[in-house]
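In what follows, chains are A, B, ... by sequence order, proteins preceding strands, each numbered from 1.
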Protein chains: 2
Amino acid sequence: MLAGFRTLADRATIELGRRGYPDVRPVHDFALHAIRSGAQNASELGRATSVTKQAAARTIATLEQRGYVSRQVDPADRRKMRLMITERGHSLMSEGEAVFEELRNQLELDVGAEALEQAEAVLQTLVGENAVRLDSPGWSAGGVDGDE
Amino acid sequence: MLAGFRTLADRATIELGRRGYPDVRPVHDFALHAIRSGAQNASELGRATSVTKQAAARTIATLEQRGYVSRQVDPADRRKMRLMITERGHSLMSEGEAVFEELRNQLELDVGAEALEQAEAVLQTLVGENAVRLDSPGWSAGGVDGDE
DNA sequence: TTGATATCGACAACCGTGTTGTCTATTCTA
DNA sequence: TAGAATAGACAACACGGTTGTCGATATCAA
C-alpha cells in the first residue's frame with residue numbers, strides 16, 4: 001500500500017518511452033524542471049535537487065548526451081558551465097506534462113475529482129513538512145544514522 | 001508534488017535507525033513482510049516482490065548478515081534454502097509497524113482522518129490498477145521500452 | 001532406469017544513481 | 001597579492017537492480 005508514487009512515475013516513464021523518449025527517467029525530468037526554474041550550472045542543480053554536485057553533473061552529462069540540454073562556458077565566470085535546455089528538451093518536458101495530465105485525468109475518472117484533490121492536498125502536506133529539512137544531502141542512500 | 005511516499009519511507013527509515021536498527025531500508029522490511037507472508041526461499045521471494053531471484057538472494061544475504069533472517073537447507077528439497085525470520089527480525093517488523101503507525105497518526109493530526117482515508121483509498125486505487133501487471137520483472141530499471 | 005528438462009541458488013559482470021574524497025582552474029576577498 | 005571559496009572533473013565505492021552462466025537437485029516421460 002506504499003507504492004503510489006512509484007507507480008505513477010513508472011507509468012509516466014513507460015508512456016514517455018512509448019512516445020519517442022526512451023531511456024528517460026523521472027530524475028531527468030526532475031532535473032530539467034530545476035534547470036528551467038533557474039539552476040544554471042551543476043552545483044546549482046545539485047543544491048536545487050538536494051543532491052551532491054557530482055551526482056548533478058552526471059545527470060547533466062547524460063542529459064547532454066541524449067540531447068536534452070547543452071552546456072557552454074559561462075563567459076562571466078569561466079569555472080561555470082551554463083546550462084541551456086534544447087528544443088528537444090523542451091519537447092520532452094511538454095510531453096511529460098501531457099502524460100502526467102493524462103494519468104491524472106485517468107485517475108480522476110477512477111476516484112473522482114474531490115477525492116483526488118484531497119489526496120493531493122495530503123501528499124502536499126507530507127512533502128511540505130519535510131521540505132524544510134531537505135537541505136542536508138545524504139538522507140536516502142548513505143547515512144541514515146540520523147543523529148542530529 | 002510527486003515525492004509523497006519517498007518522504008514517508010525515508011522518514012520511517014530514519015526513525016528506525018534512531019531506534020536501534022540502522023542500515024535497514026524499505027526494501028528489507030518489504031522483503032521481511034513477503035517472507036512472513038509465505039515466501040520460503042529466494043526464488044519465491046523474488047516472485048513475490050517482482051524482482052529477479054538474484055536480487056532477492058542478495059537482499060536475503062544482507063538480511064542474514066544483519067541477523068534478521070536465518071537460512072537452512074530444506075530437507076525436502078535440498079536445492080532450496082528455507083527462510084526463517086529471527087527474533088530480531090520480528091522485533092524489527094514490529095518496530096517498523098509502530099513507526100509507521102506513528103507517522104500515520106501524525107499525518108492524521110495534520111490533515112484530518114477523513115482526508116487521510118480518502119488519500120489512502122486513492123493511492124490504493126493507483127497501485128491496485130497496475131498490481132495486475134506487476135508480473136513482469138524489469139519495469140523500473142532496465143527495459144522501459146514498453147512495446148507489448 | 002535413464003535421459004531430458006526445469007528449478008534453486010550461487011557467482012560474475014554490468015548499469016544507474018547516489019555517495020566521498022581529491023584535484024585543478026578560476027574567482028572572490030581581506 | 002595571498003588565501004579562501006567555488007565550479008566542475010575524475011576516481012573509487014555502495015546499493016539495488018539487471019542478464020547470463022553454472023552446478024546441484026528434482027521431476028517427468030520414455
Heavy-atom nearest nucleotide on DNA chain C taken for A:Val27 and for A:Ala76; more 5' hit belongs to A:Val27
To the nearest Å, how far apart are [X] [atom1] and [N] [atom2]?
{"X": "A:Phe30", "N": "C:dG16", "atom1": "CZ", "atom2": "C1'", "value": "17 Å"}
{"X": "A:Lys53", "N": "C:dT24", "atom1": "NZ", "atom2": "C1'", "value": "11 Å"}
{"X": "A:Ile60", "N": "D:dA7", "atom1": "CD1", "atom2": "C1'", "value": "11 Å"}
{"X": "A:Asp74", "N": "C:dT26", "atom1": "CG", "atom2": "P", "value": "13 Å"}
{"X": "B:Gln72", "N": "C:dC8", "atom1": "CD", "atom2": "C1'", "value": "16 Å"}

- Are B:Arg19 and B:Glu15 within salt-bridge range, i.e. N to O under 4.0 Å? yes
Donor-acceptor pair, distance only, cut-off 3.5 Å: does the side chain of B:Arg36 make one with the backbone of B:Met93?
no
Check whether any side-chain N or O of [X] sits under 4.0 Å from OP1 or OP2 of [N], and answer yes or no.
{"X": "A:His28", "N": "C:dG16", "answer": "no"}
{"X": "B:Thr52", "N": "D:dT18", "answer": "yes"}
{"X": "A:Thr59", "N": "C:dG18", "answer": "yes"}
{"X": "B:Arg25", "N": "D:dG17", "answer": "no"}

Base, sugar-phosphate, or nothing for A:Thr62, non-hydrogen atoms under 4.0 angstrom?
-> nothing
Looking only at heavy atoms, what is the nearest atom pair of [X] and [Y], with distance?
{"X": "A:Tyr68", "Y": "A:Leu32", "value": "O-CD2, 4.3 Å"}
{"X": "B:Pro26", "Y": "B:Thr13", "value": "CD-OG1, 3.4 Å"}
{"X": "A:Arg88", "Y": "A:Gly20", "value": "NH2-O, 3.8 Å"}

Next item on the list: Could you identify which residues cluster with A:Val27, counting Ile, Leu, Val, Met, Phe, Trp and Tyr as linked when any side-chain heavy atoms lie under 4.5 Å apart, either directly or through a chain of such contacts?
Entry: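 Result for A:Val27 is none, singleton.
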Residues in residues 77-86 of chain B with a heavy atom under 4.0 Å of DNA chain C, by number, are B:Arg79, B:Lys80, B:Met81
Note: contacts of residues 32-47 of chain B with DNA chain C (heavy atom, under 4.0 Å) are B:Asn41, B:Ala42, B:Ser43, B:Arg47
Note to self: Please say yes or no: joined through hydrophobic side-chain contacts below 4.5 Å, possibly via intermediate residues, are B:Leu123 and A:Val111 part of one cluster?
What the structure shows: yes
Any heavy-atom pair between the side chains of B:Phe30 and B:Thr59 that's under 4.5 Å? no
* Note, B:Ile60 side chain near B:Met81 side chain (heavy atom, < 4.5 Å) ->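 No, their side chains stay 4.5 Å or more apart.
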- Item | B:Arg58 (side chain) and D:dG17 (base): donor-acceptor pair under 3.5 Å | yes
inquiry  = So, under a plain 3.5 Å distance rule, would you say the side chain of B:Gln54 forms a donor-acceptor pair with the base of D:dG16?
reply    =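 Result: no qualifying N/O pair found.
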